[in-house]
Amino acid sequence: MNSFTYSRATSNAQALDGVKGGNAAFLAGGTNLVDLMKYEVEHPSALVDINHLQLAEIKETPDGGVSIGALVRNSDLANHPLIRSNYPLLSQALLSGASPQLRNMATTGGNLLQRTRCYYFTDVGFQACNKRKPGSGCAAIEGYNRIHAILGQTDKGPASKETCIATNPSDMSVAMAALQASVEVEGAHGKRTIPIAEFHRLPGNEPQRDTTLRAGELITAVTLPKAKFANNAFYLKARDRNSYAFALVSVAAGLEMDGANIRSAGIAMGGVAHKPWRVPEAEAMLAGKPADPEVFAKVAETLLRGAHGYQHNQFKIELAKQTIVRALVTASKGTSEAA
Ligand code: SF4
């Protein structure tokens with residue numbers, strides 16, 4: 001582990017000042033960053049501890065939504081009465097992730113920023129990883145790619161400096177994508193709001209960049225619009241074991257019902273791409289339709305349009321389609337039945 005300086009910020013301004021210049025990082029729960037430092041993947045020269053900032057509040061917004069402070073711990077968020085009653089999709093997603101100990105430490109802002117669990121990214125013994133070492137190639141393309149992307153990846157061959165087929169590992173972010181959250185950030189040039197669909201990015205030609213956050217920007221909160229899916233929500237996570245495992249495929253499904261028909265829907269997938277995968281066209285297909293597995297199967301085909309697998313993850317394409325249909329069928333029966 002490299003040496004680094006440590007400082008503790010007591011205001012947002014002090015935190016922003018602390019990461020100016022150099023290769024500094026904010027430290028919150030540390031559940032991902034500290035591991036990556038131990039693995040020699042991340043080498044910050046300075047850590048600015050933000051745990052004492054006033055960013056740990058969950059409160060209703062004037063328009064009926066909710067604002068979640070960036071330092072709210074994942075356990076506290078999952079179990080908050082407002083989230084449990086109005087946004088059960090988010091609560092379910094959070095409780096499906098990691099372990100109780102990790103959820104007690106991990107923060108909302110940190111969860112948004114957690115990095116891929118691609119084996120070749122976290123093991124510096126492998127030389128080729130464009131995300132860890134830009135321009136070095138991608139070991140996953142011809143390696144063991146069971147957990148890798150089937151949608152939105154950049155694949156120009158193992159030697160290309162642009163190739164990356166990594167997936168985003170977060171469950172929380174998938175539910176937030178289906179709920180159309182916004183990420184509030186603050187930086188040297190002021191505050192801005194980033195729709196979550198534009199917060200995480202596909203690898204494109206810069207696989208080293210996971211998000212659109214600018215250097216030195218601090219996540220201060222996540223806001224959720226007024227709840228629509230409280231009564232019909234289900235987060236379904238397919239994984240190799242039922243606890244403490246990342247998703248092979250996950251689906252966050254929320255339905256707003258109008259009698260027997262669907263008025264609107266929010267659907268996002270995890271474990272399949274470099275960012276939570278949402279296709280508004282697929283959601284629009286459900287408007288005015290009954291909760292019918294045949295309709296859901298067509299939605300699944302639209303969500304998986306263009307999917308492309310590799311030697312060890314071809315199975316994810318069919319798994320994703322089945323998971324979408326099951327999540328939507330379960331959500332349509334009501335949240336209490338799903339939970
Ligand atoms: Fe690195 Fe991305 Fe390739 Fe994994 S998939 S080895 S993170 S470039």
Side-chain angles (χ1 to χ4, degrees), residues 1-2 23 25 30-44 97-98 106 110-174 177 198-213 215 238-240 245-250 268-278 304 306-317 319-320:
M1 199 156 154
N2 62 303
N23 176 30
T31 56
N32 191 208
L33 175 62
V34 175
D35 278 352
L36 292 173
M37 289 171 68
K38 289 179 184 168
Y39 299 157
E40 302 281 358
V41 173
E42 302 267 12
H43 306 96
N111 195 324
L112 284 171
L113 295 175
Q114 64 171 306
R115 308 211 67 190
T116 185
R117 266 45 176 204
C118 171
Y119 327 112
Y120 307 100
F121 172 72
T122 51
D123 186 342
V124 296
F126 289 94
Q127 292 303 311
C129 174
N130 286 323
K131 187 176 283 298
R132 172 167 43 78
K133 199 172 158 193
S136 60
C138 173
I141 287 285
E142 293 181 342
Y144 188 56
N145 38 42
R146 177 175 166 77
I147 63 169
H148 289 77
I150 53 173
L151 287 160
Q153 65 271 50
T154 302
D155 176 1
K156 297 185 178 177
S160 166
K161 64 182 181 185
E162 296 183 3
T163 292
C164 181
I165 60 169
T167 52
N168 182 301
S170 173
D171 293 296
M172 182 196 80
S173 299
V174 179
E198 294 165 24
F199 181 81
H200 296 103
R201 59 186 298 283
L202 295 176
N205 58 6
E206 289 182 292
Q208 69 275 21
R209 290 181 57 218
D210 295 346
T211 72
T212 55
L213 209 57
R239 46 184 161 172
D240 281 328
F246 292 96
L248 289 165
V249 171
S250 68
M269 284 193 289
V272 295
H274 200 257
K275 63 185 282 187
W277 192 258
R278 184 172 158 254
L304 269 296
H308 167 70
Y310 297 87
Q311 185 184 357
H312 301 285
N313 73 350
Q314 287 287 351
F315 71 96
K316 276 191 176 189
I317 298 174
L319 177 65

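Counting starts at 1 for both ligands and their atoms, following the listed order. We use all heavy atoms of the structure for the numbers below, so side chains are in, but hydrogens, waters and symmetry mates are not.
Contact of the Asn168 side chain with the Thr116 side chain is not registered, since no non-hydrogen atoms from C-beta on lie closer than 4.5 Å.
Remark: of the listed residues Phe121, Tyr119, Tyr120, Phe126, Phe126 is the sole one forming a side-chain contact (heavy atoms from CB on, under 4.5 Å) with Asp123.
The structure places CG of Leu213 at 9.5 Å from CG of Leu112, a figure rounded to the nearest 0.5 Å. If you take CZ on Arg209 and CZ on Arg201, they are separated by 4.5 Å, rounding to the nearest 0.5 Å.
If you look at Thr163 next to ligand 1, the close heavy atoms, those under 4.0 Å, all belong to the backbone.
Sequence neighbours left out, the pairs with a member in residues 153-164 that pass side chain to side chain donor-acceptor pair (under 3.5 Å) are Gln153-Tyr310, Asp155-Tyr310, Lys156-Glu162.
In this structure, Asn145 falls outside the shell of residues with a heavy atom less than 4.0 angstrom from ligand 1.
Electrostatic pairing of Asp210 and Lys131 counts as a salt bridge here, judged by a charged N lying under 4.0 Å from a carboxylate O.
Take atom 4 (Fe) of ligand 1 and draw a sphere of radius 2.8 Å; the protein N/O/S atoms inside it number 1.
Thr167 contributes no side-chain N or O that, together with a main-chain N or O of His274, makes up a donor-acceptor pair within less than 3.5 Å.
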